[in-house]
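Each remark here refers to the structure printed beneath this line.
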Amino acid sequence: MRRWNAAVVTALAVGMSVPLPGCGPRNGPTGRVLGWSVELGNGTVSTYAEVDNSGIPAAIGVIYSANALEGLPTAASDHHHCFDRDGDGVVEGDTECLATHEIVLPLPDAVAMRSDVPFKWVLFNWNPTGHIPPGVYDVPHFDIHFYMEPIANVFALHDGPCGPEFIRCDQYE
């Protein structure tokens with residue numbers, strides 16, 4: 001079995017495809033298999049895999065429909081990650097929430113269920129106001145994170161007052 005680097009692959013471009021080393025097409029041309037599709041703006045975003053006639057993946061990626069870039073949310077946060085940092089009993093969306101809109105996209109089963117492919121799901125973020133650090137990523141953009149870590153582990157992180165990510169302090173450390 002192939003050994004993989006335990007880093008999360010992060011992309012700052014839409015429509016990115018990740019070639020899978022050692023998993024290239026061996027048995028004929030590739031076909032596209034779609035994963036989950038979720039509403040984005042006035043359209044949709046989806047994961048996909050390119051597989052050969054034997055089902056061996058050559059690439060995985062994210063695609064979106066042409067009208068998905070129209071009607072994107074303008075509010076800074078979808079309120080997925082918030083914490084009442086000042087303890088006043090009210091969560092202020094602009095200052096006490098992570099400034100992003102998150103979409104979880106499982107990869108197609110044809111890829112996610114394979115033991116030789118480390119990536120299982122994608123976290124697709126629309127950042128209408130950008131994020132830290134200033135002067136680098138502080139403009140509207142998408143973040144696309146291909147995860148090897150089980151989704152249960154990532155979502156076991158709890159909201160809290162620490163760090164720019166609003167993480168429970170013991171988990172932030």
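Just so it is clear, the values below take in all heavy atoms, side chains as well, and ignore hydrogens, waters and symmetry mates. Start at 1 with the first residue, then count along the sequence.
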Item checked: Between CG on residue Leu40 and CZ on residue Phe124, distance to nearest 0.5 Å -> 5.0 Å

Next item on the list: Could you tell me which non-hydrogen atom of Ala110 sits nearest to which non-hydrogen atom of Val33, and how far apart they are?
Entry: CB-CG1, 4.4 Å

Next item on the list: Give the minimum heavy-atom separation between Val91 and Cys97, together with the two atoms involved.
Entry: CG1-SG, 3.8 Å

Margin query: Tell me every residue that passes side chain to side chain donor-acceptor pair (under 3.5 Å) with Thr129, counting only those two or more places apart in sequence or in another chain.
Written below: none

Next item on the list: Can you label the angle between the His141 ring and the His131 ring as parallel, tilted or perpendicular, going by 30° and 60°?
Entry: perpendicular

Check: Parallel, tilted or perpendicular: which describes the rings of Trp121 and Phe155, with under 30° parallel and over 60° perpendicular?
Finding: tilted

Notebook entry, point to check: Please, which pairs that meet salt bridge (charged side-chain N to carboxylate O under 4.0 Å, His left out) have at least one residue in residues 85-114, sequence neighbours excluded?
Noted result: Arg114-Asp116

Check: For the residue pair Thr47 and Leu107, what are the closest heavy atoms and their distance?
Finding: OG1-CA, 3.6 Å

Notebook entry, point to check: Is atom CD of Gln171 surrounded by more than 12 heavy atoms (other residues, nucleotides or ligands) closer than 6.0 Å?
Noted result: yes

Check: Val122 and Leu69: same hydrophobic cluster, using ILVMFWY side-chain contacts below 4.5 Å?
Finding: yes

Notebook entry, point to check: Counting distance only, does the side-chain N/O of Ser37 pair as donor-acceptor with the main-chain N or O of Ser46 below 3.5 Å?
Noted result: no

Next item on the list: Kindly compute the distance separating NE2 (His79) from CG (Asp159), expressed to the nearest 0.5 Å.
Entry: 12.5 Å

Next item on the list: Using the rule that two of Ile, Leu, Val, Met, Phe, Trp, Tyr join whenever any of their side-chain heavy atoms come within less than 4.5 Å, decide whether Leu123 and Phe166 are in one cluster.
Entry: no

